[in-house]
**Student:** 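Here it is, the structure in full.
Because only heavy atoms are used, hydrogens play no part in the values below, and waters and symmetry mates are left out as well, while side chains stay in. Index from 1, following the sequence.
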Amino acid sequence: MTVMLFAAISLLTAAAALILTARLAPAQRGAGFAPAGMARPLIDMPHRYEFREGYLLSPVTSDDAFLPEEADRTTAFDALARVLADLHPDLPARMRALRKRGEAFLLTGTLGHDALSVAGRHEDGRVILSVGPANASDGRAAVDSATFAKLQEEADDLRTALDAATMPIWKQDGEGRIAWANASYLGLADRKLGGGDEAVALGWPLPQIFADQVAPLPDAGKTRRCSVDLPDAETPAWFEVSAQLTEDGGAICTARPIDRLIRAETSLRSFMQTLSKTFASLPTGLAVFDRRRELMTFNPALTSLSNLPMEFLSSRPTLVDFLDQLREARRMPEPRDYRGWRDEIAKLEQGASEGTYQEIWTLPDGQSLRVTGRPHPDGAVALMFEDISQEVTLTRRFRAELDLFRSVLDDEASALAVFGRDGQMVLSNAAYADLWGDDPRLTEVAPRLADATRLWQGRCAPSGIWGEIRQFAAFQIERAPWVETITLLEGERLACRVSPMAGGATLVRFLPLESGMSDPLGWSEAAASVAGAPPPLAAPHAAVAGMAEPAQAPYSPPDPKAL
């Protein structure tokens, strides 16, 4: 009787379960998945879904708890993602990453009172999703072996990639304890603690090699420069540390090596200091304006040349304000009108930016400044102010002396012509132009000795003196002063004197014999001091006053190879 009673109870229980299942199944197939918050049936076996390019390949059974049997296979992936969204908040994003980039994942969620695990992987061009029960009571989750192997492979690849990175990467908890680190961090820690006499073996937990330099951590998107003293290096190793906070209150930190950047900045700083010291010792005033035309750099010489206060220059004035202050300080020429002054400012800025501006400013106190504009990279403009008052004074004095010297030569009765060592005429006077009807001072290119002797020869009676003059200037005969008479075609007799000058130059002087001078062929001390030549030596070809004129040599054409 007892056995029959238990059998009857079992049959009634089974019949009730079949009736209940029959009533629930249509609702499940019609809705595809129960709404959030409702009790869901327990899944005893993992469900496997395979997709290729978003198309569902695996079959859908009538007892599927997530997809209806008549589901559209082209949109099944999106439908499955919407149905599984309630299991875990990260599941939609992980499924999108799986579909786009093939990133495998394993998440555990809850369906009512049941724990479910969702795993995804990419294999041979297919996207595979597995949904099955997870036993959370003993800390284990059920997952198919292929998905687990894919997760292991991806974890190994990520670990290898992180260890291959040249920058230290580590994860720390909210209290700053190191929870994980890559090979670069371990190597840096070993260099810091494993060298020297007091060697320390690395152990777990790992030491924080940046110590309090990363406490507190830098804000998201920002970096902090940190240094590490290494026993095997003379200088510290520098890094830029960034941190990304995690949900558990910890952070994943990255330290980018910047030793080259630090060396470059140190070298640049040293160069700028050297450059600043050089600029400080320059007598030329320097003003550098950036692309916005604000004063960026200046040296002490600018202060003394511009008479502008240091406070004004240090306030980074604009180019217009700088020139206005120069005008008020009377350190630039006074413009005729204000509009013209503004035009000059525009001309100055444009000319300096093109590297074409250069002017000499004559100040009211007589001082002269040479202002030069030069372009700089990135649109900057540099203005240089150079005091050339002494140079201008010396030039004016030299010009005055040169004018006086020319006046003395033009007042000389004899015709003078000076030829340089290369045979080109460098000097002549007014008497020379009157005598020969040609003024070399008015020509752009001075004549050469060969051209001048042809001119003289064409205006005179035949004589062999012209070739001797060319030989004298070419150092082919003795360079001693000598004098000889020549006769113009008009019959006027001239004394021609040839003398050496300093620097290999040659002086040729013509003086009429009928000038009334007692000794026209002589060389007075006054004439010697003006021409700059020594007194004459013996004149082997001279026809001195009172002596018979020697017979002239027959005329021969000049050697074309001579000067």
Side-chain angles (χ1 to χ4, degrees), residues 408-419 423 425 427-441 447-474 476-501 505-559 562-563:
V408 173
L409 291 181
D410 290 340
D411 190 62
E412 175 69 21
S414 58
L416 302 176
V418 180
F419 298 88
M425 184 181 295
L427 185 64
S428 65
N429 62 349
Y432 178 90
D434 295 339
L435 175 63
W436 301 109
D438 179 41
D439 193 352
R441 298 172 297 178
R448 302 187 64 82
L449 179 60
D451 301 329
T453 53
R454 292 191 192 99
L455 173 65
W456 303 339
Q457 182 178 346
R459 296 285 305 276
C460 298
S463 174
I465 187 177
W466 315 118
E468 295 179 357
I469 294 177
R470 290 192 289 268
Q471 293 176 358
F472 182 91
Q476 296 178 358
I477 60 177
E478 182 183 0
R479 288 179 59 84
W482 53 274
V483 180
E484 189 168 332
T485 59
I486 59 175
T487 304
L488 297 178
L489 294 179
E490 294 83 1
E492 183 180 3
R493 298 173 63 245
L494 302 175
C496 178
R497 189 178 194 277
V498 182
S499 306
M501 303 292 289
T506 300
L507 170 65
V508 182
R509 182 180 183 187
F510 303 93
L511 182 67
L513 291 176
E514 292 80 4
S515 61
M517 297 178 60
S518 58
D519 187 9
L521 301 181
W523 188 262
S524 63
E525 295 296 332
S529 63
V530 172
L537 301 175
H541 304 283
V544 296
M547 297 179 60
E549 179 178 348
Q552 295 189 8
Y555 171 75
S556 60
D559 185 4
L563 295 177

**Student:** Below 4.5 Å, heavy atoms only, C-beta onward: do Val508 and Tyr432 meet side chain to side chain?
**Tutor:**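 Val508 vs Tyr432: side chains apart.
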**Student:** With Arg448 as the cation and Phe419 as the aromatic partner, state whether NZ or CZ is under 6.0 Å from the six-membered ring centre and within 45° of the axis.
**Tutor:** no
**Student:** To the nearest 0.5 Å, what is the distance between CG on Leu513 and CZ on Arg493?
**Tutor:** 5.0 Å
**Student:** Taking the side chain as C-beta and beyond, is there a heavy-atom pair between Leu449 and Phe472 under 4.5 Å?
**Tutor:** no
**Student:** When you measure from the side chain of Asp439 to the backbone of Ala433, do you find a donor-acceptor pair of N or O atoms at a distance under 3.5 Å?
**Tutor:**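 The answer is no, because no donor-acceptor pair under 3.5 Å joins these two groups.
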**Student:** Closest approach of Val483 and Ala495, non-hydrogen atoms and distance?
**Tutor:**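 Closest heavy-atom pair between Val483 and Ala495: CG1-CB, 4.5 Å.
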**Student:** Between atom CZ of Arg441 and atom CG of Asp410, what is the distance when rounded to the nearest 0.5 Å?
**Tutor:** 4.5 Å
**Student:** Once you round to the nearest 0.5 Å, how far does CD of Glu484 lie from CD of Glu468?
**Tutor:** 6.0 Å
**Student:** Locate the shortest heavy-atom distance separating Cys496 from Ile469; write the atom from each residue and the value.
**Tutor:**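 In this case the closest contact between Cys496 and Ile469 is SG-CD1, 4.1 Å.
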**Student:** How long is the straight-line distance from SG of Cys460 back to CD1 of Ile486, given to the nearest 0.5 Å?
**Tutor:** 4.0 Å
**Student:** In terms of ring plane angle, is the pair Trp456 and Phe510 parallel, tilted or perpendicular, where the classes change at 30° and 60°?
**Tutor:**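 Trp456 and Phe510: perpendicular rings.
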**Student:** Say you draw a straight line from CG of Leu494 to OG1 of Thr485; how long is it, rounded to the nearest 0.5 Å?
**Tutor:**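 Nearest 0.5 Å value for the CG-OG1 distance: 9.5 Å.
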**Student:** Just verifying a value: how many Å separate Arg479 CZ and Thr506 OG1, rounded to the nearest 0.5 Å?
**Tutor:**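 Interatomic distance, Arg479 CZ to Thr506 OG1, rounded to 0.5 Å: 4.0 Å.
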**Student:** Name all residues meeting the salt bridge (Lys or Arg N to Asp or Glu O under 4.0 Å) criterion together with Asp438; count only those two or more places apart in sequence or in a different chain, and write none if there are none.
**Tutor:** none
**Student:** A side-chain contact here means heavy atoms from C-beta on lying under 4.5 Å apart; do Pro447 and Leu455 qualify?
**Tutor:**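 Of all side-chain heavy-atom pairs linking Leu455 with Pro447, none is under 4.5 Å.
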**Student:** Is a donor on one side and an acceptor on the other found under 3.5 Å between the side chain of Arg459 and the backbone of Leu489?
**Tutor:** no
**Student:** With sequence neighbours left out, what residues match Asp411 under side-chain contact (heavy atoms from CB on, under 4.5 Å)?
**Tutor:**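 Asp411 satisfies side-chain contact (heavy atoms from CB on, under 4.5 Å) with no residue once adjacent residues are dropped.
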**Student:** Taking the side chain as every heavy atom from C-beta outward, state whether Pro512 and Glu492 have any pair of such atoms under 4.5 Å apart.
**Tutor:**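 They are in side-chain contact.
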**Student:** Taking Asn429 for the side chain and Ser414 for the main chain, is one N or O donor matched with an acceptor at less than 3.5 Å?
**Tutor:**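 At least one qualifying donor-acceptor pair exists.
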**Student:** With sequence neighbours excluded, tell me which residues meet side-chain hydrogen bond (donor to acceptor under 3.5 Å, both in side chains) with Trp436.
**Tutor:**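 Listed in chain order: nothing, the list is empty.
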